[in-house]
*Asks:* 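Have a look at this one before I ask anything.
In listed order, ligands and their atoms are each counted from 1.
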Amino acid sequence: MNVYDSERMVDSLGEAGFALTEEVDNADLVILNTCHIREKATEKIYSELGRYKKQKAKNPNLRVAVAGCVAQAEGDEIIKRQPLVDFVIGPQAYHRLAKIVSRDQPHVDTDFPTQTKFDALPQRPVVGRRVSAFLTVQEGCDKFCSFCVVPYTRGAEASRPVQSICQEARQLMRGGVREIVLLGQNVNAYRGEGPDGSDWSLAQLINRLAEINNLERIRFTTSHPLDMTDDLINAFVECPKLMPYLHLPIQSGSDRMLKAMNRRHRARDYLAIIEKIRRRRPDILFSGDFIVGFPGETESDFEDTMSIVRQVGYGQAYSFRYSPRPGTPAAEHDSVDAVVVAERLDRLQQLLRLQQRDALRSMVNHVVTVLFEKSGRKPGQLSGKSEYLQPVHCNGDKRWLGELAKVRITKAEANSLTGVLI
Ligand code: SAH
Ligand code: SF4
């Protein structure tokens, strides 16, 4: 979502006369768009900020802003800890960015305004964009998992109206986009105002977006098991533009841990959802998130996580060491020994890597449909994604960029596939 937010910031600053530069040396304004989800991400910001001291000495007009969830969580503490920061802007305030950065004085804006930023942001300009684009449809979270900062930094669940999303999607299509990834912290909790005035579900939104001609593919992330409704499961069968890939985090396979995490479902409820989806769409590829070393996690709890991974069989996954976050209920409990956590994380990641490798290998000799996104690293090579979000490389003419084509897979690498255009 920060990638999406950063693009919107660039778009809105464009109206204020700024242009994007990749060179810090040329910059008049540097914005660090930050993540607060784990401590490691947060700490990186301060080491990164230190690097701009030199730049500021060279160019006294340089302004430095911290945006995103760390800005929201730490507010003016950031300026106190690192006085070279001029502006602190929370994730719900960046539609005011142009105004804020024109100020002479340091400024902190971390309000949650009643009017959503999406109503205030300018329409997205038609510019050549990547083939695949993110589009935020839902933000915030009301679930309050005991380890997580999202409900505090992004605020309460809110969904954008269907028409505003469709309008933005059409703008993206004019810039050459062919795939849209719908984003939300709990994207499947989407309940946005439909054209008829009633609240629409994510499945209804997807079906409406699928009517846009040039839009070839739709994906969405991240989903919560509790919001995996039947109409959304049906969309994987009934909407050919919705790709057969689902990121559905469980965090832990232990019911005891799930309860302590306040996930509000058991391992078997999750497995029942997976089975239900697989029955309807056997080829779907699942991805997940796991937290290792949540306070109180025993060897037996961890084994339950390994067991759920074996039962599901993931094509892709993200796994994290538990990170205590200030202000969350779980942070008040004692941590599991760091050496034990490292060893468990290693075991889990080995298993997940094997599963990813098997999923890639199972594609060899099969034909997949690839949406080509860019030229490959080698001359004459193209690179894109299969229906299952697996990176695919093959030789082909550049005119295939932005197009769908059938590819026979000849080889599986550690993280990608190689094939031939057919
Ligand atoms: N809403 C999504 C997840 C959003 S946060 C869901 O409920 O599934 C993305 C991922 O970051 C989470 O799935 C979790 O695995 C990880 N995460 C969040 N807080 C964390 C913490 N305190 N320590 C370690 N990982 C964390
Ligand atoms: Fe965080 Fe996801 Fe839980 Fe919400 S549902 S609190 S975003 S982990």
*Asks:* Can you find a side-chain donor-acceptor pair between Ser307 and Asp304 that sits under 3.5 Å?
*Replies:* no

*Asks:* Considering heavy atoms of the protein only, find what lies nearest to atom 14 (C) of ligand 1 and give residue, atom and distance to 0.1 Å.
*Replies:* Gln251 OE1, 3.3 Å

*Asks:* Is there a side-chain contact between Arg178 and Glu403 (heavy atoms, below 4.5 Å)?
*Replies:* no

*Asks:* Only heavy atoms of Pro151, strictly under 4.0 Å: list the atoms of ligand 2 that pass.
*Replies:* 6 (S)

*Asks:* Check each atom of ligand 1 against the heavy atoms of Thr222 and keep those under 4.0 Å away; list them by number with element.
*Replies:* 2 (C), 8 (O)

*Asks:* Could you tell me whether some N/O pair between His224 and ligand 1 is separated by less than 3.5 angstrom?
*Replies:* no

*Asks:* Between CG of Leu351 and OH of Tyr314, what distance do you get to the nearest 0.5 Å?
*Replies:* 10.5 Å

*Asks:* Look at atom 18 (C) of ligand 1 and say which protein heavy atom is nearest, naming residue and atom and giving the distance to 0.1 Å.
*Replies:* Ile37 CG1, 3.4 Å

*Asks:* Does only the side chain of Arg263 get under 4.0 Å from ligand 1, or the backbone, or both, or neither? Count heavy atoms.
*Replies:* side chain

*Asks:* May I ask you to test the Arg268-Asp255 pair for a side-chain heavy-atom distance under 4.5 Å?
*Replies:* yes

*Asks:* Write out the residue and atom name of the closest protein heavy atom to atom 13 (O) of ligand 1, then the distance separating them to 0.1 Å.
*Replies:* Asp289 OD2, 2.6 Å

*Asks:* With atoms numbered from 1 as shown, which atoms in ligand 2 lie under 4.0 angstrom from a non-hydrogen atom of Val150?
*Replies:* 7 (S)

*Asks:* Measure Phe144 to ligand 2 on non-hydrogen atoms and call it side chain, backbone, both or neither using the 4.0 Å cut-off.
*Replies:* backbone

*Asks:* Have a look at Glu157, His224, Arg264 and point out the one with the heavy atom closest to atom 5 (S) of ligand 2.
*Replies:* His224

*Asks:* Going by heavy atoms, is Arg263 under 4.0 Å from ligand 2?
*Replies:* yes

*Asks:* Relative to ligand 1, is Arg325 under 4.0 angstrom through side chain, backbone, both or neither, heavy atoms considered?
*Replies:* side chain

*Asks:* About how many Å separate NZ of Lys117 and CZ of Arg96, when rounded to the nearest 0.5 Å?
*Replies:* 11.0 Å

*Asks:* For Tyr322 and ligand 1, does the shortest N/O to N/O distance drop below 3.5 Å?
*Replies:* no

*Asks:* Can you report which non-hydrogen protein atom sits closest to atom 6 (S) of ligand 2, along with the distance?
*Replies:* Cys145 N, 3.2 Å

*Asks:* To the nearest 0.1 Å, how far is atom 8 (O) of ligand 1 from its closest protein heavy atom, and which atom is that?
*Replies:* Pro249 CG, 3.1 Å

*Asks:* Which bit of Thr222 gets closer than 4.0 Å to ligand 2, counting heavy atoms only: side chain, backbone, both or neither?
*Replies:* neither

*Asks:* Decide whether Ser164 and Glu168 meet the rule of one side-chain donor and one side-chain acceptor closer than 3.5 Å.
*Replies:* no

*Asks:* In terms of heavy-atom contacts, does CG of Asn365 have more than 12 from other residues, nucleotides or ligands at under 6.0 Å?
*Replies:* no

*Asks:* Can you find a heavy atom in the side chain of Leu97 that is under 4.5 Å from one in the side chain of Phe87?
*Replies:* no

*Asks:* From atom 3 (Fe) of ligand 2 out to just under 2.8 Å, does an N/O/S atom of Cys148 turn up?
*Replies:* no

*Asks:* Do you see an N/O/S atom of Cys141, backbone or side chain, under 2.8 Å from atom 4 (Fe) of ligand 2?
*Replies:* yes

*Asks:* Starting from atom 26 (C) of ligand 1, what is the nearest protein heavy atom, named by residue and atom, and what distance separates them?
*Replies:* Ile291 CD1, 3.7 Å

*Asks:* What residue and atom, counting heavy atoms only, is the protein's closest point to atom 16 (C) of ligand 1, and at what distance?
*Replies:* Arg38 NH1, 3.5 Å

*Asks:* Within the 3.5 Å criterion, strictly below it, is a donor on Tyr245 or Gln316 matched to an acceptor on the partner's side chain?
*Replies:* yes

*Asks:* Establish, yes or no, whether the cationic atom of Arg281 lies under 6.0 Å from the six-membered ring centre of Phe236 and within 45° of the ring axis.
*Replies:* no

*Asks:* Which of the atoms in ligand 1, numbered in the order shown and given with their element, are less than 4.0 Å from a heavy-atom of Gln185?
*Replies:* 1 (N), 2 (C)

*Asks:* Applying a strict 4.0 Å limit to heavy atoms, is Arg321 in contact with ligand 1?
*Replies:* yes

*Asks:* Do Glu7 and Phe134 have side chains that get closer than 4.5 Å, going by heavy atoms?
*Replies:* no

*Asks:* For atom 21 (C) of ligand 1, grab the closest protein heavy atom and report residue, atom and distance to one decimal in Å.
*Replies:* Ser323 O, 3.6 Å

*Asks:* Report the C-alpha separation of Ser132 and Glu179 in whole Å, then their side-chain angles, then the decisive distance to 0.1 Å, and conclude whether the side chain to side chain donor-acceptor pair (under 3.5 Å) test is met.
*Replies:* CA-CA 5 Å; Ser132 177; Glu179 172 183 274; 2.6 Å; yes

*Asks:* Quick check: does Phe147 get an N/O under 3.5 Å from an N/O on ligand 1?
*Replies:* yes

*Asks:* Please examine the side chains of Thr222 and Asn186, heavy atoms only from C-beta on, and report whether any two atoms are closer than 4.5 Å.
*Replies:* no

*Asks:* Out of all atoms in ligand 2, which are within 4.0 Å of some heavy atom of Phe147? Include the element for each.
*Replies:* 8 (S)

*Asks:* Determine, counting only non-hydrogen atoms of the protein, whether one lies under 4.0 angstrom from atom 24 (C) of ligand 1.
*Replies:* yes

*Asks:* Rounded to the nearest 0.5 Å, how far apart are CG of Leu135 and CZ of Arg8?
*Replies:* 8.0 Å

*Asks:* Between Arg51 and Glu48, is the closest basic N to carboxylate O distance under 4.0 Å?
*Replies:* yes

